[in-house]
Amino acid sequence: MDNLSEIGELLISQEQIANRVREIGQDISRDYKGRNIMLVGVLRGAFVFMADLLREIPEGSSVDFMAVSSYGNRTKSSGVVRILKDLDVDIRDKDVLIVEDVIDTGLTLQYLIRNLKSREPRSLEVCTLLYKDLNQKLPVNIKYIGFKIQPEFVVGYGLDFHEKYRNLKSIHLLNQ
Ligand code: IMP
Ligand code: MG
């Protein structure tokens with residue numbers, strides 16, 4: 001299948017994303033008033049969302065990244081989570097906000113939460129751009145959700161399929 005035909009129906013437009021990111025930024029700014037937030041982005045998918053989100057929250061916020069792998073090259077969760085890159089900074093006593101691109105089974109997130117909690121941050125919350133509603137299998141508490149979507153595979157705005165389509169400005173279904 002060529003690249004063009006892999007990109008399916010438009011699900012969330014550039015404008016819808018921008019508006020929602022601004023709203024979430026306002027919610028976060030209000031909730032964390034007067035505190036410095038440590039954003040922990042989950043590579044690689046979340047880097048586009050995180051870059052936009054960072055510019056909607058107050059000065060004094062810092063960023064770091066973790067890279068985890070849960071899927072390999074498939075589009076189904078394997079159940080195996082590996083840390084490929086750990087944080088560079090100590091998060092003890094910090095207000096940490098995990099920034100995710102999409103929560104599907106919640107497996108990656110559950111692992112991350114357990115791992116980061118053991119480092120004793122002052123607070124630990126989660127912000128995800130997308131949340132696959134019906135696929136939610138694990139009980140994880142997510143404070144900020146951009147869009148709830150059907151359990152279908154999507155690409156664009158940082159989300160990839162075999163490392164492709166991260167550059168799309170809007171979010172599309174993937175034709176498989
Ligand atoms: P989970 O562990 O099943 O919640 O999967 C979470 C991770 O799988 C995300 O952080 C993404 O990297 C990847 N993922 C899940 N669904 C999609 C999708 O629709 N498009 C691209 N990547 C996805
Ligand atoms: Mg991810």
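Everything numeric in this text was worked out from a predicted model, so none of it was measured. When a ligand or atom number is given, it counts from 1 through the structure's own listing order.
The shell of residues lying under 4.0 angstrom from ligand 1, judged by heavy atoms, excludes Q110. Ligand 1 is approached by V102 to a heavy-atom distance shorter than 4.0 Å. Ligand 1 lies within reach of G106, whose nearest heavy atom is under 4.0 Å from it.
Using a 4.0 Å cut-off between charged nitrogen and carboxylate oxygen, D95 and R122 count as a salt-bridge pair. A salt bridge links D86 with R119; the closest basic N to acidic carboxylate O contact falls under 4.0 Å.
Under a 4.0 Å criterion applied to the non-hydrogen atoms of L159, ligand 1 contributes the atoms 20 (N), 21 (C), 22 (N). Residue-ligand proximity, T105 to ligand 1, at heavy-atom distances under 4.0 Å covers atoms 1 (P), 2 (O), 3 (O), 4 (O). Counting the atoms of ligand 1 from 1 in the order shown, those under 4.0 Å from a heavy atom of D160 are 21 (C). Which parts of ligand 1 touch V154 is read off a 4.0 Å heavy-atom cut-off, strictly below it: atoms 18 (C), 19 (O), 20 (N), 21 (C). Against a heavy-atom cut-off of under 4.0 Å, K132 is close to the following atoms of ligand 1: 16 (N), 17 (C), 18 (C), 19 (O). Of all atoms in ligand 1, listed by their number and element, those nearer than 4.0 Å to a heavy atom of E100 are 10 (O). Numbered from 1 in the order shown, with element, the atoms of ligand 1 that lie under 4.0 Å from a heavy atom of L107 read 2 (O), 4 (O). Set against the non-hydrogen atoms of D101, the atoms of ligand 1 under 4.0 Å away are 9 (C), 10 (O), 11 (C), 12 (O).
V96 pairs in a side chain to side chain contact (heavy atoms under 4.5 Å, CB included) with only one of the listed residues (E125, K117, M38), which is M38.
Counting heavy atoms closer than 4.0 Å to ligand 1, residue D104 contributes atoms from both its backbone and its side chain. Counting heavy atoms under 4.0 Å from ligand 1, residue E152 touches it through the backbone alone.
In this structure, the side chain of R166 engages the main chain of G158 through a donor-acceptor pair within 3.5 Å. The backbone N or O of E152 sits less than 3.5 Å from a side-chain atom of K132, completing a donor-acceptor pair. Between the side chain of N175 and the backbone N or O of S5 there is at least one donor-acceptor pair closer than 3.5 Å. Of the possible donor and acceptor atoms, none in the side chain of H172 sits under 3.5 Å from a partner among the backbone N and O of V155.
Not a single salt bridge (charged side-chain N to carboxylate O under 4.0 Å, His left out) links D90 to another residue, sequence neighbours left out. E23 pairs by the side-chain hydrogen bond (donor to acceptor under 3.5 Å, both in side chains) definition with R20, not counting sequence neighbours.
For ligand 1, none of its N or O atoms has an N or O atom of L109 under 3.5 Å away.
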